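Being a predicted model, the structure only gives us computed values, none of them experimental.
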Amino acid sequence: MNPLMTSATPPPTAERPPLAGRTLLMSGGSRGIGLAIALRAARDGANIVLLAKTDSPDPRLPGTVHTAAAAIEEAGGTALPVVGDVRQEEDVRRTVEAAVNKFAGIDIVVNNASAISLHNPGELPLKRYDLMVTPPPHE
């Protein structure tokens, strides 16, 4: 049996929401579709572990890992916000350890983190291209 899985969680019933007691690890859940998925899971009783880079507000983009965690709690879930980059192995390991420590395991992983720029190829700034396809430097 995988030590990360909390398979002892009882199945859903009419009184028990489908994700009650389950733990979902979401990368890139501070805004957009990732946050929408996390909020839906929270309404179904899930614990949500958020791994996101946005720690402080950015005037260009709404939401941070902390505002997302607050919204998840408001929706009825339990949130664990973790600031980190899914491209960094140490950040992923730290997130998994935090999830195991707080919730005793992980049942669902949604790897939603991404970067996209909808420019025409000839107009795509190199910085945006690098963000989408180049792994970060190893430390």
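- Salt-bridge formation is not detected for the pair R93/E97: no Lys NZ or Arg NE/NH1/NH2 atom is positioned less than 4.0 Å from an Asp or Glu carboxylate oxygen.
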Q: List the steps, then state whether side chain to side chain contact (heavy atoms under 4.5 Å, CB included) holds for V65 with V82.
A: CA-CA 7 Å; V65 69; V82 179; 6.0 Å; no
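- Contact detail for L51 and V83: the closest heavy-atom pair is CD1-C, 4.4 Å.
- Between the side chains of T67 and R31, not a single donor N or O lies within less than 3.5 Å of an accepting N or O.
- Nearest heavy atoms, L35 versus S30: CD2-O, 4.0 Å.
- Here the OG1-NE2 distance, from T54 to H66, works out to 9.5 Å after rounding to the nearest 0.5 Å.
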Q.
Could you walk me through whether R40 and L19 satisfy the side chain to side chain contact (heavy atoms under 4.5 Å, CB included) test, starting with their C-alpha distance in whole Å, then the side-chain angles of each, then the deciding distance to 0.1 Å, before giving a yes or no?
A. CA-CA 10 Å; R40 178 65 180 123; L19 296 176; over 6 Å; no
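- Minimum heavy-atom separation, L80 to A99: CD2-N, 4.0 Å.
- At a threshold of 4.5 Å between non-hydrogen side-chain atoms, the residues N47 and R22 do not count as touching.
- Inter-residue side-chain proximity for R94 and Q88 is flagged as unmet; no heavy-atom pair is nearer than 4.5 Å.
- Contact annotation: the side chain of L25 approaches that of T95 to within less than 4.5 Å [non-hydrogen atoms, C-beta and beyond].
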Q. How far apart are the C-alpha atoms of T23 and V49, what are their side-chain angles, what is the distance that settles it, and do they pass the side chain to side chain contact (heavy atoms under 4.5 Å, CB included) test?
A. CA-CA 7 Å; T23 298; V49 181; 3.9 Å; yes
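- Donor-acceptor pairing under 3.5 Å is lacking for the side chains of N112 and S27.
- When the shell of 6.0 Å around CG of L61 is examined, it contains more than 12 heavy atoms from other residues, nucleotides or ligands.
- Between I48 and A38, the shortest heavy-atom contact is CD1-O, 3.7 Å.
- In this view, R43 satisfies the side chain to side chain donor-acceptor pair (under 3.5 Å) rule with no residue, not counting sequence neighbours.
- Between D85 and D91, the closest heavy-atom pair is N-OD2, 2.8 Å.
- For the pair L50 and A68, the tightest heavy-atom approach, listed with the atom from each and the gap, is CD1-CB, 3.6 Å.
- Around atom CD of E73, more than 12 heavy atoms belonging to other residues, nucleotides or ligands sit under 6.0 Å away.
- How far CE of M26 is from CG of L39: 9.0 Å, rounded to the nearest 0.5 Å.
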